[in-house]
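Comments concern the structure below.
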Amino acid sequence: MIWYREHGRDLPWRNTQDPYVIWLSEIILQQTRVEQGLPYFHRFLEAFPIVTKFAAADEGEILRLWQGLGYYSRARNMHKAAKMVVDEFGGVFPQRYAEAIRLSGVGEYTAAAIASFSANEPKAVVDGNVYRVLARYFGIAEPINSSQGKKRFAKLAQEVMDVDHAATYNQAIMDFGALQCRPKRPHCAGCPLRLDCVAYNAGSIEMLPVKLKGKASRDRFFHYFIIRTDDHILMSKRGTADVWANLYEFPMIETEHDTPVDALRGSAAFAAHFQLDAHLFELEKVSKHVLSHQNIYAKFYILPDPAMCHAKKSNWTYHLLEKIDTLAKHKLIFSFLEKNKQLINPKI
DNA sequence: TAACCGTGGGT
DNA sequence: TACCCAAGGTT
């Protein structure tokens with residue numbers, strides 16, 4: 001397609017038919033901008049040039065490489081998937097849709113991407129770009145995030161795809177959505193499809209696609225405690241049932257409402273872990289972190305005397321100060337560490 | 001099936 | 001500012 005040759009972006013995973021490399025790039029790019037994902041793609045490919053190396057790594061190393069990308073379940077699912085490739089496919093990464101979709105973290109979109117880009121299997125990709133292009137071109141006002149809408153768009157995408165050029169078609173329609181039929185201020189004036197575009201002719205480009213709104217975010221209040229000896233610092237590994245699963249952070253207490261330090265020190269949760277007369281230095285004002293479905297208000301405190309922490313939870317463990325770089329942490333923590341290096345490393 | 005899962009950039 | 005969006009998937 002001429003348009004693609006002129007405007008398509010030259011990205012490293014486009015010049016390969018290796019399903020492992022395609023899988024790597026597709027998982028990294030889920031809900032992620034190319035500019036943000038690109039360095040991670042290179043980082044992972046360098047650390048794990050083949051899928052068997054990925055499978056052999058430990059989860060901590062993978063999460064550490066993933067640190068900062070968000071949606072950390074993608075990293076854990078990749079590890080599972082790599083092990084599945086070794087155990088169930090003899091270490092040969094599957095190219096077919098029916099096989100790829102069995103892998104953890106690989107859904108319909110990613111399986112279609114792997115199958116079409118690696119083997120030209122005629123499976124249409126349906127991502128945010130495709131929803132937008134189809135909704136506008138065919139003038140479909142059905143919500144793209146309702147279950148019925150998803151089925152309708154998936155069916156339509158498969159019907160209109162060029163089955164003889166699956167890889168090129170899939171790449172092209174996504175590029176078309178990203179660059180030409182973009183969300184805001186699309187380039188309709190010079191669009192080669194505008195004469196047949198239902199939404200363009202109806203003047204409803206800006207209204208499509210339709211997306212149902214989710215419910216509002218909830219507010220959460222996190223209180224983090226910096227507890228260190230001369231050469232160690234107490235860190236806590238998060239559980240699996242909540243945000244930032246399996247990542248490390250400082251020991252913390254969550255409160256139901258915005259809680260001033262004095263009220264915090266009087267709380268049962270505080271008494272469960274700390275001496276009641278423990279000194280507490282408040283470090284920063286509350287910082288707000290907006291996540292997908294929650295607003296997290298975080299405060300940091302220093303507990304100058306580590307002995308005042310008398311009851312450590314089983315997931316609270318001391319780590320050498322010089323080793324905390326090797327722990328996978330979420331953004332709230334590693335950006336705090338970045339801003340407060342002198343607190344953690346007195347040698348600086 | 002609707003809720004949940006991060007982070008960053010654009011408007 | 002507050003919201004939308006970005007190469008989605010799992011439970």
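What you see is a predicted model, and the numbers here were worked out from it, not measured in a lab. Chain identifiers are assigned alphabetically (A, B, ...) following the order of the sequence lines, protein sequences preceding nucleic acid strands; residue numbering begins at 1 within each chain.
Taking every side-chain heavy atom of A:S292 into account, B:dC5 is the closest of B:dC5, C:dA6, C:dG9. Side-chain atoms of A:K213 lie closest to C:dC4 of the nucleotides C:dC4, B:dT7, B:dA3. Set against B:dG6, B:dC4, C:dG8, the side chain of A:H293 has B:dC4 as its closest nucleotide. Comparing C:dA7, B:dC4, C:dA6 by their closest approach to the side chain of A:K215 singles out B:dC4. In the set C:dT10, B:dC5, C:dA7, the nucleotide with an atom closest to the side chain of A:L11 is C:dA7.
If you check every strand for non-hydrogen atoms under 4.0 Å, A:R218 touches nothing. Counting any heavy atom pair closer than 4.0 Å across all strands shown, A:S104 reaches sugar-phosphate atoms only and no base atom. Contact annotation for A:L69: base contact, defined as any heavy-atom pair under 4.0 Å involving a base atom. No engagement by A:K150 is indicated, since no non-hydrogen atom pair under 4.0 Å with the nucleic acid exists. No contact: A:R76 has no heavy atom under 4.0 Å from any strand.
A:R132 has no side-chain polar atom (N or O) that falls below the 4.0 Å cut-off from OP1 or OP2 of C:dC5.
Under the ring-ring contact (aromatic ring centres under 6.0 Å, His included) test applied with A:F300, the options A:Y224, A:F222, A:F225 reduce to a single match, A:Y224.
Summary of the strand contacts: A:S147 and A:Y71 both lie near DNA chain B, and taking for each the nucleotide with the nearest heavy atom, the more 5' one is attributed to A:S147.
Side-chain to base pairing of A:T110 with C:dG8: no donor and acceptor N or O lie closer than 3.5 Å to each other.
Between the side chain of A:H232 and the main chain of A:H319, no donor-acceptor pair closer than 3.5 Å is present.
Side-chain contact of A:Q30 with A:R74: a donor-acceptor pair under 3.5 Å is absent, judged by distance alone.
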